[in-house]
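Notes to accompany the following structure.
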Amino acid sequence: MEKQYDILSRISERFGKMSKSHKAIASYISEHYDQAVFMTAAKLGETLGISESTVVRFAFGIGYEGYPEFQKALEDCVKGKLSSIQKMDAKYGRSSQSEVLASVITADIEKLQHTIDNLDPAAFESAVNTILEAETIYVMGLRSNEPLAEFLHFYLNMIRGGVILLKTTSVSETFEQMIRIHEKDCFIGISFPRYSMRTLKAMEFANDRNAKVIAITDSTHSPMSLYSSCNLLARSDMVSIVDSLVAPLSVINALVVALCLKCPQDVRKNLEMLEDTWNNYQVYLNDEINFIDDEPILNYSLRREQDEGNK
C-alpha cells in the first residue's frame, strides 16, 4: 500500500517543473483528493476543462504506470485519514488521561529539541534581516497553519508597517492581493504536511517577481523549499489526526523576539501609540496591564543601545 499521502508528496515535489495544464490537475488533486478519488480520467478532465489524455499523461508524469494505479494511490490517500485515527488509538487507546497528557507533551518537547538541533542559525539571521529590510511583507498559511500565520502577522504589525496577511479561498484571490509584490518585498510561506498547493503557488509567484521568499516548514525536502531563499525548519509530525504546532510556533516566537531586539525604539514607539489609541477610544476601559513600561525585552535592548552609545 502507498504510504499515507505519498501521492500528494509526489505531486508537491514535481510541481515546479509541471506544465500549466498539469499544475491545474495537481492543484485540484491536492485540494480535492477526496472527491477526485471517485472520478474517471475523463470526468476529471471535464471538470478542469482539459483532455482525458492530458490527465493520463499527468499520472505517468508523477511516476504511475497509468490512471488506474494513480486512482488506487488516491484511494490509499483517503484511507490514510482512517489509519491516522487507528494509529492514535493504538498509541493512546489504553492510556489514562494523565498518561495521554504526559505523552503528548513529551513528544512536543522532543520536537522542540529536534528543531533546536536542526535549525540553521544563518538562515534565521537572514530571515530577521530580510523582514526588517522589506518594503512590504506578505504572510500566508492555510488550513491548520492559519493560526501560525495570524500570530506572526499580529506581532509583525506591532513591530513595523506594511504587513499583509493573505487569507483567501482561491488561488486567483491570492494573486489579486499579491499583484504589486516586487523585488524589495518579502513573502513568508508557512506550510507543513499536508502541504498547501495554494501556498506553494503563491511562493512561486513571489519568486517569479524576485521577492525574497522565506519558508517556515518541516524539512529540506519540503516542496516549499523549491521557491524559498531562506528555510526555517521546525518539526511538526505527530501520531494523531492533529498536527503539532508547538515547534513552528516557537520558531515564530523567536523571530518576533529577534526583531524586537533589532529595533526596540521603533517597537516601543508603536506600542505607545497603540496604548494611547486604546486609551483615547476607551478600547479596554483602562483595565489592561501596562505592558510597555515593564517589557523586559525592550528595556534590555534599549539599555544595551544606551550603554554602547556611552562608550
Side-chain angles (χ1 to χ4, degrees), residues 115 119-141 145-167 177-178 180-191 199 202-203 206 211-217 228-234 245-281 283-284 288-309:
T115 300
L119 187 70
D120 181 4
F124 184 82
E125 183 70 21
S126 175
V128 171
N129 292 332
T130 298
I131 291 169
L132 283 175
E133 294 167 6
E135 285 189 2
T136 303
I137 299 172
Y138 297 82
V139 181
M140 187 172 186
N145 301 297
E146 193 170 328
L148 296 174
E150 290 181 341
F151 183 90
L152 178 58
H153 171 259
F154 177 82
Y155 283 102
L156 285 182
N157 253 333
M158 286 194 170
I159 295 170
R160 50 154 297 160
V163 185
I164 298 174
L165 177 63
L166 300 172
K167 193 172 181 179
Q177 293 183 53
M178 294 175 62
R180 293 180 180 83
I181 193 169
H182 55 76
E183 68 277 0
K184 293 183 180 180
D185 294 335
C186 169
F187 182 98
I188 305 174
I190 307 172
S191 191
T199 304
M203 292 175 74
K212 302 293 190 301
V213 180
I214 299 170
I216 301 178
T217 189
S228 63
S229 55
C230 179
N231 298 313
L232 302 181
L233 306 182
L245 300 179
V246 172
L249 184 58
S250 287
V251 171
I252 289 172
N253 262 333
L255 268 180
V256 171
V257 171
L259 289 164
C260 287
L261 292 173
K262 285 276 189 176
C263 50
Q265 292 178 336
D266 291 339
V267 176
R268 179 181 285 275
K269 180 180 177 181
N270 291 338
L271 292 178
E272 288 174 345
M273 184 167 55
L274 272 173
E275 187 159 283
D276 287 344
T277 302
W278 293 335
N279 290 335
N280 288 340
Y281 291 93
V283 175
Y284 290 114
E288 280 283 300
I289 296 172
N290 187 329
F291 61 88
I292 297 175
D293 292 341
D294 300 320
E295 177 51 63
I297 292 175
L298 292 182
N299 286 337
Y300 169 76
S301 191
L302 286 169
R303 285 198 303 271
R304 187 175 64 180
E305 282 190 359
Q306 291 168 357
D307 291 342
E308 290 176 353

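The basis for the numbers below is simple: all heavy atoms, side chains too, and nothing from hydrogens, waters or symmetry mates.
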[X] side chain vs [Y] backbone, donor-acceptor pair below 3.5 Å:
X	Y	value
D120	A122	yes
S228	V213	no
D185	T136	yes

Gap between atom [atom2] of [Y] and atom [atom1] of [X] - 0.5 Å precision:
X	Y	atom1	atom2	answer
R180	Y138	CZ	OH	8.0 Å
F151	I190	CZ	CD1	10.5 Å
M140	M178	CE	CE	8.0 Å

| message | I'd like to know whether E135 forms a side-chain contact (heavy atoms from CB on, under 4.5 Å) with H182, so could you lay out the CA-CA distance, the side-chain angles of the two residues, the decisive distance to 0.1 Å, and finally the verdict. | response | CA-CA 9 Å; E135 285 189 2; H182 55 76; 3.3 Å; yes
| field | Side-chain heavy-atom pair N129, K262 within 4.5 angstrom cut-off | value |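 Yes; the side chains approach each other to less than 4.5 Å.
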| Any I216 side-chain heavy atom under 4.5 Å of L148 side chain |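 Heavy-atom side-chain distance check fails, nothing below 4.5 Å.
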Between [X] and [Y], what is the shortest heavy-atom contact and its length?
X	Y	answer
G189	T199	CA-CG2, 4.2 Å
A127	L232	CB-CD1, 4.0 Å
M203	A215	CE-CB, 3.8 Å
T115	A234	OG1-CA, 3.6 Å
S191	N145	CA-ND2, 3.7 Å

| request: Might you confirm whether atom CZ of F124 has over 12 heavy atoms from other residues, nucleotides or ligands at distances under 6.0 Å? | output: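 Yes, CZ of F124 has more than 12 neighbouring heavy atoms, counting only those of other groups under 6.0 Å.
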| Sole candidate of L165, I164, I188, L255 that passes side-chain contact (heavy atoms from CB on, under 4.5 Å) when paired with L156 |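 One option only clears the test, and that one is I188.
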| task | Evaluate the criterion side-chain contact (heavy atoms from CB on, under 4.5 Å) for residue pair I159 and I131; output intermediate values, then yes/no. | result | CA-CA 10 Å; I159 295 170; I131 291 169; over 6 Å; no
| task | Please test L166 against F187 for side-chain contact (heavy atoms from CB on, under 4.5 Å), starting from the C-alpha separation and ending with a verdict. | result | CA-CA 10 Å; L166 300 172; F187 182 98; 3.5 Å; yes
